[in-house]
There are 2 protein chains.
Amino acid sequence: MVYNSGEMKNRNVTIEDVARVCGLSRATVSRVINGEANVKPLTVEKVNQAISELGYHPNIHAQALSGGGARTVGIMLPKTWRSYYSSLLSGIEEIAAKEGYYALVMTRDYLNSSERIFEEGRVDGFIFRNMDRVKEHEKLLSKLQKKNIPFVLIGNPLRDYPAITIDNVGGGRTVAQHFAEHGYKKVIFLSGPKDNIDSNDRYFGFRIGFEERGMDPEGILRLQGDYSTKSGFNAVSEVVPLYRPDAIFAANDRMALGAMLCLHKSGLRVPEDIAVAGFDDSYFAKYVTPALTTVRQPFREMGTTAMKELCSMLGSGSPRGGKIILPAEFVVRASCGCPYSHDESLDVLDSDENNE
Amino acid sequence: MVYNSGEMKNRNVTIEDVARVCGLSRATVSRVINGEANVKPLTVEKVNQAISELGYHPNIHAQALSGGGARTVGIMLPKTWRSYYSSLLSGIEEIAAKEGYYALVMTRDYLNSSERIFEEGRVDGFIFRNMDRVKEHEKLLSKLQKKNIPFVLIGNPLRDYPAITIDNVGGGRTVAQHFAEHGYKKVIFLSGPKDNIDSNDRYFGFRIGFEERGMDPEGILRLQGDYSTKSGFNAVSEVVPLYRPDAIFAANDRMALGAMLCLHKSGLRVPEDIAVAGFDDSYFAKYVTPALTTVRQPFREMGTTAMKELCSMLGSGSPRGGKIILPAEFVVRASCGCPYSHDESLDVLDSDENNE
DNA sequence: CTGAAAGCGCTTACAG
DNA sequence: CTGAAAGCGCTTACAG
């Protein structure tokens with residue numbers, strides 16, 4: 001028996017249609033849909049049969065209106081995309097699919113619209129990435145928390161909001177120790193935006209690592225960048241004519257790239273004259289010349305972890321979660337001064353899509 | 001007068017609350033919300049006042065249920081993200097925000113769920129990018145069309161579905177003519193996935209350009225890739241030991257990069273021994289060595305254009321749109337054999353976020 | 001210019 | 001194990 005719903009015009013199949021076909025009430029059909037236990041097995045079968053024959057799909061708005069929630073989460077990302085957000089999203093989506101959630105993605109102006117979107121019922125909770133405008137985010141987040149609106153941050157923990165972050169301190173420290181092993185003493189730290197906690201933590205770890213190797217962290221020259229390639233280029237170009245460091249550690253790969261371009265333009269060789277390391281392990285890191293030594297962020301895992309956290313908050317009705325810190329892997333390539341062949345990147349070509 | 005809605009627990013502000021405060025009916029409040037003309041100015045003012053004092057936001061599900069639509073569009077992207085999808089999304093979102101739409105982004109398994117998502121009422125229409133699995137897409141799209149579900153494709157036009165595409169033929173042609181000017185005669189075309197129409201069109205244009213310069217397009221060696229860096233590497237590594245072309249044109253930048261890595265590994269210099277050109281102008285194109293000559297896709301504009309098209313379909317109720325072809329700009333750098341200084345990339349560092 | 005009432009498509013006590 | 005009815009928060013003829 002085929003009801004040919006596909007050809008029907010103007011009206012969708014509703015729970016009423018299913019009920020009528022089965023000679024049951026909407027209530028019973030609803031119970032079957034929601035997998036409630038107290039329904040006669042034969043009835044369940046009949047209803048499921050009718051549902052699939054009619055091609056019935058419950059209307060999400062009706063479900064949401066009668067208390068089900070939107071089963072949608074808002075994924076709020078910075079306007080200036082970084083390619084690795086893709087991996088983040090991919091991880092988020094994997095869990096979302098599993099849990100029956102959908103992702104509403106916003107990158108524009110969400111500081112002003114997050115609250116509204118929630119109150120309109122569009123989303124049940126949020127995942128935020130990006131805290132560049134710290135004050136504004138702080139304001140938004142404290143308001144959301146006050147209203148018991150569930151959210152999770154990825155990276156950049158502010159105060160004690162629930163957050164998934166990586167071991168920035170550990171990453172920075174490893175770089176410092178590696179630099180020390182190379183014998184680099186005079187070093188530059190190229191920082192991200194002011195107040196950016198990720199960047200500050202990387203700096204902090206960098207100092208610790210240096211100190212642990214018996215060097216004075218006060219000797220580290222800290223330059224201000226904003227995570228863009230250009231800012232890395234500019235920052236380095238302002239000091240390098242006068243100041244000649246042994247090595248530069250940039251708070252992200254883009255600035256590291258900018259620094260390398262600048263050094264190259266100044267006729268300096270990387271790593272022979274000045275070594276460079278970045279942070280992120282972006283797609284291009286292994287393909288630039290020399291291949292960039294960096295700290296890999298497990299973006300995909302950050303996404304899955306964040307979504308799992310959010311789902312558990314959503315499920316429990318408890319709006320507060322804790323902090324989760326994921327490890328960050330040090331990736332040695334050529335720009336730090338280690339021997340490295342581009343051949344090695346070929347082994348990982350398959351991971352093309354990993355940290356794209 | 002502040003009603004302190006923020007502190008209220010357990011219940012949202014509804015249209016009923018607004019009506020009560022104003023001493024009006026829900027109907028009238030609804031009219032004000034929807035900007036209908038036939039409402040007394042003083043009433044409008046009173047209602048708006050109450051709305052802002054109560055912090056009222058119409059529940060989207062109630063609106064959708066009573067005929068308003070979800071005001072959401074499904075943005076269906078490939079699972080293997082490319083970084084330039086970011087630009088696409090950014091363009092889409094810009095228009096969406098303007099028109100009061102939201103983006104539900106999916107990259108997984110959407111072939112099986114698009115129809116359901118629409119029928120659940122989650123989205124009003126779709127934008128698709130990615131046609132790698134041509135057969136499956138064809139099947140999905142024809143079903144959607146039959147059901148009068150609005151959608152727009154970005155790139156890869158299939159049959160006569162509404163689509164935003166770029167001038168692939170023109171791009172390929174320009175590359176061929178540029179190669180000809182360099183005097184390259186023996187050339188390779190490194191293609192994307194089989195049946196990928198974008199890739200095929202680039203090949204077609206490449207042939208035309210060659211022919212127009214009085215050369216035999218049959219002489220072009222066509223290698224099979226799949227748009228991944230590795231596939232570019234592998235394809236080239238299989239032929240280059242025996243076959244030594246003057247130049248390689250890859251259907252995208254990643255494969256061009258893979259080709260360059262392979263040539264480099266084989267001890268061949270780019271462009272001195274073999275020239276290379278790509279397609280896309282990805283973020284890394286200007287930073288690899290040598291900087292990659294390529295054809296730039298206006299991703300952001302593709303996004304805005306697609307969303308505008310979709311909105312106009314949604315507005316008019318007409319599910320069918322036409323095709324729009326955007327121009328593709330040829331970007332000359334070093335890998336084709338032209339003189340080029342990395343300094344030039346510095347001028348465009350600001351566009352960091354453009355085709356990221 | 002405004003209101004009473006029906007309806008959108010579900011879920012969920014409540015009663016049996 | 002099942003149904004009748006109320007309710008979720010809107011919009012929209014219809015009537016005035």
Side-chain angles (χ1 to χ4, degrees), chain A residues 5 8 10-48 50-51 54-71 100 116-122 124, chain B residues 5 8 10-48 50-51 54-71 100 116-122 124:
Chain A
S5 72
M8 286 205 306
N10 296 329
R11 217 178 59 80
N12 258 313
V13 185
T14 73
I15 198 172
E16 181 68 46
D17 299 320
V18 178
R20 194 173 343 97
V21 166
C22 300
L24 290 163
S25 70
R26 304 202 300 285
T28 302
V29 175
S30 174
R31 286 183 191 109
V32 173
I33 292 168
N34 296 299
E36 286 173 33
N38 49 348
V39 186
K40 192 162 61 170
L42 184 65
T43 305
V44 173
E45 203 178 316
K46 239 185 352 184
V47 170
N48 282 329
I51 285 179
L54 290 166
Y56 166 69
H57 299 293
N59 181 294
I60 172 65
H61 300 113
Q63 290 190 143
L65 245 197
S66 35
R71 299 214 68 86
R116 175 176 54 72
I117 289 171
F118 179 85
E119 282 171 353
E120 288 175 347
R122 284 198 175 275
D124 304 321
Chain B
S5 71
M8 285 205 306
N10 296 328
R11 217 177 60 81
N12 259 313
V13 184
T14 72
I15 198 172
E16 180 67 44
D17 299 320
V18 178
R20 193 171 347 95
V21 166
C22 299
L24 289 164
S25 70
R26 304 201 302 283
T28 302
V29 175
S30 174
R31 287 184 189 108
V32 173
I33 291 168
N34 295 299
E36 286 172 34
N38 50 349
V39 186
K40 191 162 62 172
L42 184 64
T43 305
V44 173
E45 203 178 314
K46 235 181 0 181
V47 170
N48 282 330
I51 285 178
L54 290 167
Y56 166 69
H57 298 293
N59 180 294
I60 172 65
H61 300 112
Q63 290 190 143
L65 246 198
S66 37
R71 299 213 69 86
R116 175 176 53 73
I117 289 172
F118 179 86
E119 282 170 353
E120 289 176 345
R122 283 197 176 276
D124 305 321

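A, B, ... follow the sequence lines: proteins, then strands. Residue 1 opens every chain.
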Notebook entry, point to check: Of all the nucleotides listed (dC10(C), dC10(D), dG3(C)), which has the minimum atom distance to the side chain of Pro58(B)?
Noted result: dC10(D)
Next item on the list: Give the nucleotide from the list dC10(D), dG3(D), dG9(C) with an atom nearest to the side chain of Asn59(A).
Entry: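 So the nucleotide nearest the side chain must be dG9(C).
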Output yes when at least one side-chain N/O atom of [X] is less than 4.0 Å from OP1 or OP2 of [N], else no.
X        : N       : result
Gln63(A) : dT11(C) : yes
Ser25(B) : dG3(C)  : yes
Ser66(A) : dG7(D)  : no

Starting from [atom2] on [N], measure out to [atom1] on [X] and report it in whole angstrom.
X        : N       : atom1 : atom2 : answer
Ile51(B) : dG9(D)  : CD1   : C1'   : 14 Å
Leu54(B) : dG9(D)  : CG    : P     : 14 Å
His57(A) : dC10(C) : NE2   : P     : 12 Å
Asn12(B) : dG9(D)  : CG    : C1'   : 10 Å
Glu16(A) : dC10(C) : CD    : P     : 10 Å
Leu65(A) : dC10(C) : CG    : P     : 12 Å
Asp17(B) : dC8(D)  : CG    : P     : 11 Å
Arg26(B) : dT2(C)  : CZ    : C1'   : 14 Å

Checklist line | Partners meeting side-chain hydrogen bond (donor to acceptor under 3.5 Å, both in side chains) with Ser25(A) (sequence neighbours left out) | finding: Thr28(A)
Note to self: Run the side-chain hydrogen bond (donor to acceptor under 3.5 Å, both in side chains) test against Ser30(B) and tell me which residues pass, sequence neighbours left out.
What the structure shows: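 Per chain and number, Ser30(B) pairs via side-chain hydrogen bond (donor to acceptor under 3.5 Å, both in side chains) with Asn34(B).
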Checklist line | Reference residue Val29(A); test side chain to side chain contact (heavy atoms under 4.5 Å, CB included); the match among Asn48(A), Ile15(A), Asp17(A) | finding: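 Exactly one candidate clears the test, Ile15(A).
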Note to self: On DNA chain C, does the nearest nucleotide to Gly23(B) precede the nearest nucleotide to Ala27(A) from the 5' side, or the other way round? Give the residue.
What the structure shows: Gly23(B)
Notebook entry, point to check: Under the side-chain contact (heavy atoms from CB on, under 4.5 Å) test, which residues partner Glu120(B), sequence neighbours left out?
Noted result: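 side-chain contact (heavy atoms from CB on, under 4.5 Å) list for Glu120(B), sorted by chain: His57(A), Ile60(A), Tyr102(A), Arg116(B), Arg122(B).
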Margin query: Once side-chain contact (heavy atoms from CB on, under 4.5 Å) is applied, do any residues pair with Leu65(A), and if so which ones, sequence neighbours excluded?
Written below: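 Checked Leu65(A) against side-chain contact (heavy atoms from CB on, under 4.5 Å); matches are Asn59(B), His61(B), Ala62(B), Leu65(B).
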Item checked: Whole-angstrom distance between dT12(D) and dG16(D), as gauged at atom C1' -> 16 Å
How close do [X] and [Y] get, counting heavy atoms only, and between which atoms?
X        : Y        : result
Tyr56(B) : Val13(B) : CD1-O, 3.5 Å
Gly69(B) : Ala64(B) : O-CB, 3.4 Å
Pro58(B) : Ile33(B) : CG-CG2, 4.1 Å

Margin query: If a pair means Watson-Crick or G-U wobble with both distances below 3.5 Å, what does DNA chain D look like in dot-bracket form, with | marking bases paired to a different strand?
Written below: |||.||||||||.|||
Notebook entry, point to check: So what does Ile60(A) hit on the nucleic acid, given a heavy-atom distance under 4.0 Å: a base, only sugar-phosphate, or nothing?
Noted result: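 The residue Ile60(A) makes no contact with any strand.
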Next item on the list: Write out all pairs satisfying salt bridge (charged side-chain N to carboxylate O under 4.0 Å, His left out) with one or both partners inside residues 21-30 of chain B, taking only residues at least two apart or from two chains.
Entry: Glu16(B)-Arg26(B)
Item checked: Of all pairs that satisfy side chain to side chain donor-acceptor pair (under 3.5 Å), the ones with a partner from residues 35-46 of chain B, not counting sequence neighbours ->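 Side chain to side chain donor-acceptor pair (under 3.5 Å) check on residues 35-46 of chain B returns no pairs.
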Checklist line | Nucleic acid contacts - residues 29-47 of chain A versus DNA chain D, non-hydrogen atoms under 4.0 Å | finding: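 Heavy-atom contacts with DNA chain D come from Arg31(A), Asn38(A), Val39(A), Lys40(A), Pro41(A), Thr43(A).
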